[in-house]
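Single-structure report; data block below.
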There are 2 protein chains.
Amino acid sequence: MTIKEVAEKFNMTNDTLRYYEKVGLIGPVKKNSSGIRDYSDNDLRRIEFIKCMRSAGLSIEILKKYVDLYEKGDSTKLERQHLLEEEQEKLEEKIKTMTDALDKLKYKIELYKTDKLDKYL
Amino acid sequence: MTIKEVAEKFNMTNDTLRYYEKVGLIGPVKKNSSGIRDYSDNDLRRIEFIKCMRSAGLSIEILKKYVDLYEKGDSTKLERQHLLEEEQEKLEEKIKTMTDALDKLKYKIELYKTDKLDKYL
DNA sequence: TATTGACTTAGACTAGACTCTAAATGCTAT
DNA sequence: ATAGCATTTAGAGTCTAGTCTAAGTCAATA
């Protein structure tokens with residue numbers, strides 16, 4: 001699969017794909033005889049995972065750490081699990097924060113709708 | 001209230017408070033005779049709102065737009081409501097995205113825990 | 001064969017949101 | 001009154017995560 005096809009499939013840019021490869025989140029992707037990337041199914045699986053985690057706000061740094069551990073082999077399984085568990089906690093907290101803000105936002109909108117808005121911002 | 005007290009109360013830095021004031025999210029905050037900020041209750045209310053919305057990911061740009069509309073008076077009520085409704089939608093989508101990612105993360109952790117991990121990242 | 005368009009690289013640039021620095025002034029305690 | 005810490009300003013610097021540019025290569029088409 002070409003970079004363009006992958007980019008379209010996952011709704012991201014060619015630049016971002018090359019950038020992820022450069023920082024070591026994916027690949028190195030195989031190139032054909034004339035130097036053009038040809039993404040494998042395994043590459044696609046990784047990209048999907050990375051994309052999903054990035055969209056949830058996991059940093060490139062933490063994902064890189066996870067990928068590096070994975071590359072080191074089975075001996076890092078427990079460490080990888082712990083890393084993911086930490087990110088799970090952070091994510092749960094973030095979702096909680098956002099849900100609280102959403103509730104406040106909804107309440108304020110309700111004040112607008114019922115014209116019970118007070119004099120403050 | 002001094003900038004330091006406000007910063008502590010809301011767990012942010014003096015710099016951030018001055019920055020928010022510079023870009024027009026709050027204030028201008030009153031200064032005492034020797035030029036030092038003295039935050040009013042109204043300032044605090046604003047800061048709390050801004051802080052909450054920022055923590056949910058609303059951009060400074062959009063919050064500035066909201067504040068500017070507020071400053072223009074009652075004639076902008078409907079526009080403000082619409083702005084908030086749009087942000088509500090975005091926020092709901094973001095929470096959904098994050099919840100989906102969280103589910104995948106939990107599933108992967110479960111694979112680690114039960115040692116059913118497949119050979120992929 | 002010439003052009004067009006996709007791909008490649010290295011490296012510069014950008015946006016957003018702070019965060020820090022320097023130099024000046026002010027407040028408090030000794 | 002002097003030290004030592006907090007505050008002020010303008011403006012520079014930082015960090016993250018891309019995004020863009022320039023210069024070059026390659027394959028397919030007119």
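Residue numbers begin at 1 in each chain, while the letters A, B, ... track the order of the sequences. Only a predicted model underlies this, so the values are computations on that prediction, with no experimental measurement involved.
For B/R37, no side-chain nitrogen or oxygen approaches OP1 or OP2 of D/dT7 to under 4.0 Å. For the OP1/OP2 pair of D/dT7 and a distance below 4.0 Å, the side-chain nitrogens and oxygens of B/N14 include at least one atom meeting the criterion. Between B/T13 and C/dC18, a side-chain N or O to OP1/OP2 separation shorter than 4.0 Å is absent.
Pairs passing the salt bridge (charged side-chain N to carboxylate O under 4.0 Å, His left out) check and including a residue from residues 12-37 of chain B, sequence neighbours excluded, read B/D15-B/R18, B/E21-B/R37. For residues 97-111 of chain A, the pairs satisfying side-chain hydrogen bond (donor to acceptor under 3.5 Å, both in side chains) are A/K96-A/D100, with sequence neighbours left out.
In this structure, A/Y39 places its OH atom 10 Å from P of C/dC7, rounding to the nearest Å. In this structure, CE of B/M1 is placed 12 Å from P of D/dT7, rounded to the nearest angstrom. For the pair A/R18 CZ and D/dT21 P, the computed distance is 14 Å after rounding to whole Å. In this structure, A/I26 atom CD1 and D/dA17 atom C1' are separated by 15 Å, rounded to whole Å. One atom, NZ of B/K31, and another, P of D/dT7, lie 14 Å apart when rounded to the nearest Å. In this structure, CZ of A/F10 is placed 19 Å from C1' of D/dG18, rounded to the nearest angstrom. Taking atom CG of residue B/L63 and atom P of nucleotide C/dC18, one finds them 10 Å apart after rounding to whole Å. With rounding to whole Å, A/E5 atom CD is found 12 Å from C/dA6 atom C1'.
Listed nucleotides: C/dA6, C/dT19, D/dT8. Nearest to the side chain of B/I3: D/dT8.
Remark: B/S34 pairs with B/N32 by the side-chain hydrogen bond (donor to acceptor under 3.5 Å, both in side chains) rule, at least two apart or across chains. Residues satisfying the side-chain hydrogen bond (donor to acceptor under 3.5 Å, both in side chains) criterion with B/S40, sequence neighbours excluded, are B/D43. With sequence neighbours excluded, the residues satisfying side chain to side chain contact (heavy atoms under 4.5 Å, CB included) with A/K72 are A/T76. Not counting sequence neighbours, A/K119 has no partner by the side chain to side chain contact (heavy atoms under 4.5 Å, CB included) test. Under the side-chain hydrogen bond (donor to acceptor under 3.5 Å, both in side chains) criterion, A/R46 pairs with A/E71, sequence neighbours left out. Residues forming a side-chain hydrogen bond (donor to acceptor under 3.5 Å, both in side chains) with A/E85 (at least two apart in sequence, or on another chain): A/Q81, A/H82. Every residue two or more places apart in sequence or in another chain that forms a side chain to side chain contact (heavy atoms under 4.5 Å, CB included) with B/K9 is listed here: B/M1, B/L44.
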Protein-proximity profile, nucleotides 22-27 of chain D, B/S/- by nucleotide at the 4.0 Å heavy-atom cutoff, equals ----SS
Show me the protein contacts with nucleotides 10-17 of chain C, counting only N or O atoms at under 3.5 Å.
{"residue": "C/dA17", "atom": "OP1", "partner": "B/I60", "partner atom": "N", "Å": "3.4"}

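Counting all heavy atoms, side chain and backbone alike, A/V67 lies closest to A/G24 at CG1-O, 3.6 Å.
Counting only N and O atoms by type, the side chains of A/R80 and A/Y66 include no donor and acceptor under 3.5 Å apart.
In this structure, the helix from C/dT1-D/dA30 to C/dT30-D/dA1 shows an angle of 10° between the axis at its start and the axis at its end, each fitted on 5 base pairs and rounded to 10°.
Comment: A/E48 does not engage A/R45 in a salt bridge, judged by the lack of any side-chain N to carboxylate O separation of less than 4.0 angstrom.
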